[in-house]
Amino acid sequence: MKITRLVILFNYRKIILGAVISLILFLLSFQVDSRDWILFLRIISALILLNIIASVAASYILYDKSDLYELNNLKGIVDWNKTEKAVLIHASFDPLSTHLEKKYPNLHLTVCDIYGNRHEHESGINVSKKLFPPNDKEIRISPDKLPFEDGSQDIILAVTAVHEILDHEKRVLFFKEAKRVVKKGGFIIISEQFRDVTNFIFFNIGAFHFLSRKQWEKAIYSAGLEISENKKITPFADMLVIRNN
């Protein structure tokens with residue numbers, strides 16, 4: 001529940017607003033005489049409340065009960081025991097690097113925080129850093145200019161981070177840089193929620209925070225890369241495996 005609690009903390013204003021609106025509509029239903037209006041107000045009130053509950057449940061399934069941070073989906077694709085150098089990119093929230101370093105002590109992992117992402121100034125960020133302290137070796141980067149030599153890394157891994165690159169051209173530059181940095185035959189692995197029907201149903205307008213599948217494909221293909229595998233993590237998130245051929 002650690003990460004779900006953080007999701008609630010980051011979105012508590014929206015949750016409170018939704019709950020207040022739901023309560024107001026329910027109370028208003030007692031002030032009208034029309035049965036149709038009573039039914040309408042109570043249905044809308046219930047739907048708002050159900051949406052809040054559904055979004056929290058979906059967050060729990062995605063962040064605390066799925067393979068998102070376990071990376072078991074990569075079995076048969078990546079052998080971490082034989083991987084020498086990897087880059088982990090996050091957006092001010094890093095629950096993964098310590099786990100990877102403990103599990104694979106021979107892995108040379110560089111942890112990068114995207115500079116200027118939307119989470120930097122959120123009220124919950126200090127709490128998240130207490131639960132998941134920043135890696136001692138973490139560096140801050142501009143994602144359109146990666147500070148690594150050509151062909152120096154086996155893997156670039158980004159979990160729910162690259163959607164923080166808001167400009168399409170900068171996303172293309174990120175993938176071009178990733179292509180430059182990763183060895184031939186190496187991998188660029190992106191795990192993200194998509195702006196799709198499922199996420200709209202469970203997260204409502206929060207789905208606008210993410211990119212559509214077409215936007216991801218356009219950025220990746222524009223950088224001269226191709227998606228070799230698309231693995232479903234949960235109904236709410238996908239893992240895009242891109243091999244640098």
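Numbers for residues simply follow the sequence, beginning at 1. None of the values given here were measured: they were computed from a predicted structure.
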A.B. asks: In sequence, state the C-alpha distance, the side-chain angles, and the governing distance for K214 and E217, and then conclude on salt bridge (charged side-chain N to carboxylate O under 4.0 Å, His left out).
C.D. replies: CA-CA 5 Å; K214 286 185 178 179; E217 290 174 349; over 6 Å; no

A.B. asks: I'd like to know if the side chain of T234 pairs up with that of S66 as donor and acceptor (distance under 3.5 Å, no hydrogens or angles considered).
C.D. replies: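 Judged by distance alone, the side chains do not pair up.
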
A.B. asks: Give a yes or no on this: more than 12 heavy atoms of other residues, nucleotides or ligands lie within 6.0 Å of atom CD of E229.
C.D. replies: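 For E229, atom CD is crowded (more than 12 foreign heavy atoms under 6.0 Å).
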
A.B. asks: So which of D94, L100, D136, I139 actually passes side-chain contact (heavy atoms from CB on, under 4.5 Å) with V111?
C.D. replies: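 When side-chain contact (heavy atoms from CB on, under 4.5 Å) is applied between V111 and each of D94, L100, D136, I139, only D94 qualifies.
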
A.B. asks: Say whether R195 and S212, considering side chains only, have a donor N or O and an acceptor N or O under 3.5 Å apart.
C.D. replies: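 No, no side-chain donor-acceptor contact under 3.5 Å.
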
A.B. asks: Does the salt bridge (charged side-chain N to carboxylate O under 4.0 Å, His left out) test come out yes or no for D154 and K183, once each step is laid out?
C.D. replies: CA-CA 6 Å; D154 296 294; K183 297 174 181 177; 3.2 Å; yes

A.B. asks: Do T110 and F148 have side chains that get closer than 4.5 Å, going by heavy atoms?
C.D. replies: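 Side chain of T110 against side chain of F148, heavy atoms only: contact under 4.5 Å found.
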
A.B. asks: Starting from the C-alpha separation in whole Å, work towards a yes-or-no answer on side-chain hydrogen bond (donor to acceptor under 3.5 Å, both in side chains) for S22 and S45.
C.D. replies: CA-CA 4 Å; S22 176; S45 172; 2.9 Å; yes

A.B. asks: Consider only side-chain heavy atoms of I, L, V, M, F, W and Y, link residues closer than 4.5 Å, and tell whether I155 and Y104 are in one cluster.
C.D. replies: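 Result: yes, single cluster for both.
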
A.B. asks: I would like to know whether N106 and E84 meet side-chain hydrogen bond (donor to acceptor under 3.5 Å, both in side chains); could you show each step before the answer?
C.D. replies: CA-CA 7 Å; N106 294 323; E84 295 179 0; over 6 Å; no

A.B. asks: Can you hop from L25 to I16 via hydrophobic side chains spaced under 4.5 Å?
C.D. replies: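 Yes, it is one cluster - the side chains of L25 and I16 are joined through contacts under 4.5 Å.
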
A.B. asks: Where do D144 and S142 land on the side-chain hydrogen bond (donor to acceptor under 3.5 Å, both in side chains) test, with the steps shown first?
C.D. replies: CA-CA 6 Å; D144 55 354; S142 175; 2.4 Å; yes

A.B. asks: Just checking, is any N or O donor in the side chain of E101 or N135 under 3.5 Å from an acceptor N or O on the other one?
C.D. replies: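 Indeed, the side chains of E101 and N135 share at least one donor-acceptor pair under 3.5 Å.
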
A.B. asks: What do you reckon, are the aromatic ring centroids of F194 and F236 less than 6.0 Å apart?
C.D. replies: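 F194 vs F236: aromatic centres not under 6.0 Å.
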
A.B. asks: Using a 6.0 Å cut-off, check whether atom NZ of K232 has over 12 heavy atoms from anything other than its own residue.
C.D. replies: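 More than 12 heavy atoms, drawn from other residues, nucleotides or ligands, come within 6.0 Å of this atom.
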
A.B. asks: Between D238 and R213, does a salt bridge (charged side-chain N to carboxylate O under 4.0 Å, His left out) hold up when you go through it step by step?
C.D. replies: CA-CA 10 Å; D238 288 61; R213 185 186 301 271; 3.7 Å; yes

A.B. asks: Around atom OH of Y221, are there more than 12 heavy atoms from other residues, nucleotides or ligands closer than 6.0 Å?
C.D. replies: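 Correct, the count exceeds 12.
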
A.B. asks: List the steps and the verdict of ring pair (Phe, Tyr, Trp, His ring centres under 6.0 Å) for F208 and F200.
C.D. replies: CA-CA 8 Å; F208 283 107; F200 269 116; 5.1 Å; yes

A.B. asks: Do you see a donor-acceptor pair shorter than 3.5 Å between the side chains of H209 and Q193?
C.D. replies: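 Q193 and H209 do not have a side-chain donor-acceptor pair below 3.5 Å.
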
A.B. asks: Using the rule that two of Ile, Leu, Val, Met, Phe, Trp, Tyr join whenever any of their side-chain heavy atoms come within less than 4.5 Å, decide whether I220 and I89 are in one cluster.
C.D. replies: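 I220 clusters together with I89.
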
